[in-house]
J.: 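So that we are looking at the same thing, I have put the structure below in structure tokens.
In what follows, chains carry the letters A, B, and so on, assigned in the order in which the sequence lines appear, proteins first and then strands, with residues in each chain numbered from 1. Predicted, not measured: the structure shown is a model, and the values here were computed from it.
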Protein chains: 2
Amino acid sequence: MMLIDDRKKLILKAIIDSYIDTAEPVGSRTIARKHGIGLSSATIRNEMSDLEERGFLEQPHTSSGRIPSDKGYRFYVDQLMSKKELTPREIQQIKEALKMRIGELGQLISQVSAVVSDITKYTSMAMTPQMNKSVLKSVQVLPVDFDKMLVIVITNAGVVKNSLVRAPVIPSPDSLQKLSSMLSLNLGGVMLDNINIDDLIQKMKTETNLDNETAICIANGISDCLCQVFASDVYLEGTSNIFNFPEFRSVPKAKQFFDILNTKKILCAMMRMSVENGGIKVRIGTENEIKEIKDYSVVTTTYVLNDQIMGSIGVIGPTRMEYAKVIASLNYIRKAISKELMQIMELGPGGPR
Amino acid sequence: MMLIDDRKKLILKAIIDSYIDTAEPVGSRTIARKHGIGLSSATIRNEMSDLEERGFLEQPHTSSGRIPSDKGYRFYVDQLMSKKELTPREIQQIKEALKMRIGELGQLISQVSAVVSDITKYTSMAMTPQMNKSVLKSVQVLPVDFDKMLVIVITNAGVVKNSLVRAPVIPSPDSLQKLSSMLSLNLGGVMLDNINIDDLIQKMKTETNLDNETAICIANGISDCLCQVFASDVYLEGTSNIFNFPEFRSVPKAKQFFDILNTKKILCAMMRMSVENGGIKVRIGTENEIKEIKDYSVVTTTYVLNDQIMGSIGVIGPTRMEYAKVIASLNYIRKAISKELMQIMELGPGGPR
DNA sequence: GATTAGCACTCGCTGTCAATGAGTGCTAAC
DNA sequence: GTTAGCACTCATTGACAGCGAGTGCTAATC
């Protein structure tokens with residue numbers, strides 16, 4: 001029989017709740033005693049045996065209680081667990097973090113990420129997005145010194161990057177201004193991916209009276225700015241939270257976890273595979289495509305601005321995770337950030353050419 | 001007798017070398033056998049007893065070998081240890097990290113920091129400096145959008161920060177340019193600490209025809225930029241290295257270490273107390289003023305540009321640290337970074353008013 | 001027919017105890 | 001002054017028994 005009757009569900013939920021709480025294999029007596037289901041341990045035992053047979057539970061060794069399998073957790077997340085609400089205090093915490101309105105996007109995100117790890121007690125990750133689909137808005141070149149200029153690039157998402165470049169000859173402020181207008185005119189509205197630096201150098205030389213070397217310097221500055229936009233930063237918070245969990249009592253386990261956290265590639269991959277749009281993605285143990293984290297659960301979400309993904313934020317922890325709480329937190333934060341972003345900058349339209 | 005004869009020195013050095021290598025309390029036989037001093041274990045035993053009495057060694061318990069005390073390490077660092085050179089490979093590694101010439105100072109530093117932790121196998125820290133003694137060079141305000149401006153601040157150390165501000169009315173490009181000139185003229189050469197935002201608002205209103213609200217927005221932008229300059233970032237690399245050391249085999253120990261690393265305040269304090277100028281500072285165990293790290297050793301150095309401290313970089317690890325190697329690395333890196341900085345930007349003079 | 005009491009069995013965990021061995025301090029001989 | 005020798009200390013290890021939480025199975029009960 002494929003269907004799982006209500007009593008089995010109740011018992012499975014009780015087992016997983018208990019295991020999430022204590023990290024101890026759950027025995028039939030515990031369930032019979034604590035959760036007033038009104039059944040004897042023997043009955044529970046039989047049910048547990050069934051649940052194990054169907055793959056929702058596992059037994060670490062013959063004479064111990066059961067622990068949930070990945071499949072068990074999945075079923076729990078999809079159908080069993082009780083939804084959780086954030087406490088007013090937690091909501092307050094999030095709002096305060098957002099209120100700080102820190103200039104740079106990255107800082108805002110890492111702030112929020114810290115709150116997430118504080119609320120959930122897990123390790124949280126946050127990533128700024130891959131911006132290569134966004135669109136350039138304006139380029140400015142300013143004189144700084146007798147031998148230095150500042151190149152500034154602004155994208156339609158409000159991201160500003162700059163690069164200080166040195167050049168043998170610095171054009172007059174006036175001609176730099178003309179150059180800036182020309183660059184903004186030419187590049188404004190172009191998708192970052194489509195910007196060709198070599199073409200740019202050509203154009204600078206033909207459309208202005210820049211000498212070759214200076215043009216190259218400026219182009220390098222622009223290219224450097226674009227690189228900065230492309231680079232997606234990853235922020236980690238609450239890494240030492242894992243020491244609170246008994247499953248990391250052993251040093252090799254802890255080391256393995258930290259090695260994962262220190263491998264940016266893995267982190268990025270985790271975040272990249274975040275949900276397409278909107279919702280919250282829960283990946284439990286072996287559901288993770290990345291083999292290094294097949295013993296962990298990862299919950300991620302993305303926040304958007306004008307339908308453009310502006311980044312993602314998530315939580316990593318043991319498969320025995322308080323999914324209800326984590327999901328509630330991320331859901332709230334997702335909406336809050338998206339709203340906040342919208343408020344910070346109401347952008348004009350201007351899609352890619 | 002206060003003086004320590006050469007034989008005692010030899011033995012002490014052998015003991016500390018061995019303990020640094022193995023983390024095992026060192027017995028008299030080990031020293032007699034391995035390091036061809038040509039003395040019997042009994043003799044060594046007597047010497048060790050003396051050294052303990054004088055506070056250079058300690059005994060974890062009655063019938064075990066000796067381990068160095070903080071005082072022992074201090075003596076070792078000051079007088080005993082053999083100087084070490086970096087291998088060509090390591091030098092190569094450092095040069096490559098520097099060669100990447102990453103735009104922002106912070107990124108360069110964190111790169112180098114990563115190499116340090118890689119070479120030394122300890123956890124490395126790097127900090128950008130407190131810049132409030134540096135001097136403002138230029139302020140620029142650019143129009144960005146129908147309701148947004150970009151405020152850019154450049155210091156004499158070549159640090160560039162920007163802030164995107166929204167204002168109800170955006171002055172014409174022309175008047176913004178005039179405003180920029182006026183701001184640069186007024187603030188250029190002023191030490192960041194001495195900039196008073198309220199005065200600035202007044203001046204903006206009297207010297208230009210800005211309305212109150214816009215002036216405040218711009219002043220906020222400048223203030224935000226200054227905050228960014230003041231904020232000294234801390235970078236950590238190689239945190240998971242500590243799992244390689246037997247002294248962190250116990251989870252509480254490891255947790256304690258990570259808690260320290262996650263407390264920015266402690267880190268900053270550690271780095272701040274770096275050496276006044278030039279050299280390398282070694283703080284062993286209880287020599288650390290900060291009680292949380294009295295079980296660790298911290299080695300730090302600073303790198304300079306035009307006699308101005310541009311930041312510090314350091315290593316934290318068990319008191320049983322390979323001081324020779326760490327010092328060699330930091331020394332090399334200190335010089336290399338300072339040289340690199342000088343090369344990147346040869347600054348004009350322009351001291352504080 | 002489902003539920004439950006009872007029982008034999010499994011197996012990880014804990015505590016005890018003796019053996020081991022690395023190390024010391026001390027004394028007497030070299 | 002140096003060293004061989006010896007008695008002593010003490011952390012570590014492994015073996016072993018007892019405990020207890022838990023299971024599966026069977027037979028009695030509702």
J.: How would you list, by chain and number, every residue that makes a side chain to side chain donor-acceptor pair (under 3.5 Å) with A:R7, sequence neighbours excluded?
T.: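 Partners of A:R7 by the side chain to side chain donor-acceptor pair (under 3.5 Å) criterion, ordered by chain and then number, come out as A:E47.
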J.: Salt bridge between A:D70 and A:R74, side-chain N to carboxylate O under 4.0 Å?
T.: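 No, A:D70 and A:R74 are not salt-bridged.
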J.: Identify the two heavy atoms, one from A:I4 and one from A:R54, that lie closest to each other, and give their separation to 0.1 Å.
T.: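 Closest approach of A:I4 to A:R54: CG1-NH1, 3.5 Å.
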J.: I need the CD1-C1' distance between B:I15 and C:dG23, as an integer number of Å.
T.: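 Computing the B:I15:CD1 to C:dG23:C1' distance gives 13 Å.
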J.: Give the rounded distance in Å between these two atoms: CG of B:L57 and C1' of C:dG23.
T.: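 After rounding, the gap between these two atoms is 14 Å.
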J.: Should the heavy atoms of other residues, nucleotides or ligands under 6.0 Å from CZ of A:R29 be counted, would the total exceed 12?
T.: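 Not buried by this count: 12 neighbours or fewer within 6.0 Å.
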J.: Kindly say whether A:A328 contributes a backbone atom to a donor-acceptor pair with the side chain of A:N331 at under 3.5 angstrom?
T.: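 No, because the side chain of A:N331 does not come within donor-acceptor range (under 3.5 Å) of the backbone of A:A328.
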J.: Just by distance, do the side chain of A:N244 and the backbone of A:N241 share a donor-acceptor pair under 3.5 Å?
T.: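 Checked: pair present.
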J.: Can you name the atoms? Protein N/O to nucleotides 28-30 of chain D N/O, anything below 3.5 Å, with the distance.
T.:
none

J.: Report yes or no: does A:S329 contribute a side-chain atom to a donor-acceptor pair with the main-chain N or O of A:K325 at less than 3.5 Å?
T.: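 Pair found, side chain donor or acceptor close to backbone of A:K325.
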J.: Can you name the atoms? Protein N/O to nucleotides 15-17 of chain C N/O, anything below 3.5 Å, with the distance.
T.:
none

J.: Between B:S69 and B:G55 (side chain of the first, backbone of the second, donor and acceptor by atom type, cut-off under 3.5 Å), is there such a pair?
T.: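 Here the side-chain-to-backbone pair exists.
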J.: Can you tell me the distance, in whole Å, between the CD1 atom of A:I44 and the C1' atom of C:dT4?
T.: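 In whole Å, C:dT4 C1' lies 12 Å from A:I44 CD1.
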J.: In B/S/- notation, 5' to 3', how is nucleotides 24-30 of chain C contacted by protein heavy atoms closer than 4.0 Å?
T.: BBB----
J.: Please report, rounded to the nearest Å, how far the P atom of D:dG1 is from the CG atom of B:D5.
T.: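 Between P of D:dG1 and CG of B:D5: 12 Å.
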J.: From C:dC11, D:dT2, C:dA5, pick the nucleotide closest to the side chain of A:S40?
T.: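 So the nucleotide nearest the side chain must be C:dA5.
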J.: Identify all side-chain donor-acceptor contacts of residues 114-127 of chain B below 3.5 Å with residues at least two apart in sequence or on another chain.
T.:
| from | atom 1 | to | atom 2 | distance (Å) |
| --- | --- | --- | --- | --- |
| B:S117 | OG | B:A114 | O | 3.1 |
| B:D118 | OD2 | B:Q93 | NE2 | 2.6 |
| B:T120 | OG1 | B:V116 | O | 2.8 |
| B:T120 | OG1 | B:Y122 | N | 3.2 |
| B:K121 | NZ | B:D118 | O | 2.8 |
| B:Y122 | OH | B:E322 | N | 2.8 |
| B:T123 | OG1 | B:G238 | O | 3.1 |
| B:S124 | OG | B:S113 | O | 2.7 |
| B:S124 | OG | B:S113 | OG | 2.6 |

J.: What is the distance, to the nearest angstrom, from the CD atom on B:E24 to the P atom on D:dT12?
T.: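 It works out to 10 Å between those atoms.
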J.: Compile the donor-acceptor pairs under 3.5 Å between side chains in residues 288-298 of chain A and protein atoms, sequence neighbours left out, one pair per line.
T.:
| from | atom 1 | to | atom 2 | distance (Å) |
| --- | --- | --- | --- | --- |
| A:N288 | ND2 | A:G285 | O | 3.0 |
| A:N288 | ND2 | A:I293 | O | 3.4 |
| A:N288 | ND2 | A:Y296 | O | 3.1 |
| A:Y296 | OH | A:Q256 | OE1 | 2.9 |
| A:S297 | OG | A:Y323 | OH | 2.7 |

J.: Would you confirm whether B:S28, through its side chain, and B:I44, through its main-chain N or O, come within 3.5 Å as a donor-acceptor pair?
T.: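 Pair absent, no side-chain N/O of B:S28 close to backbone of B:I44.
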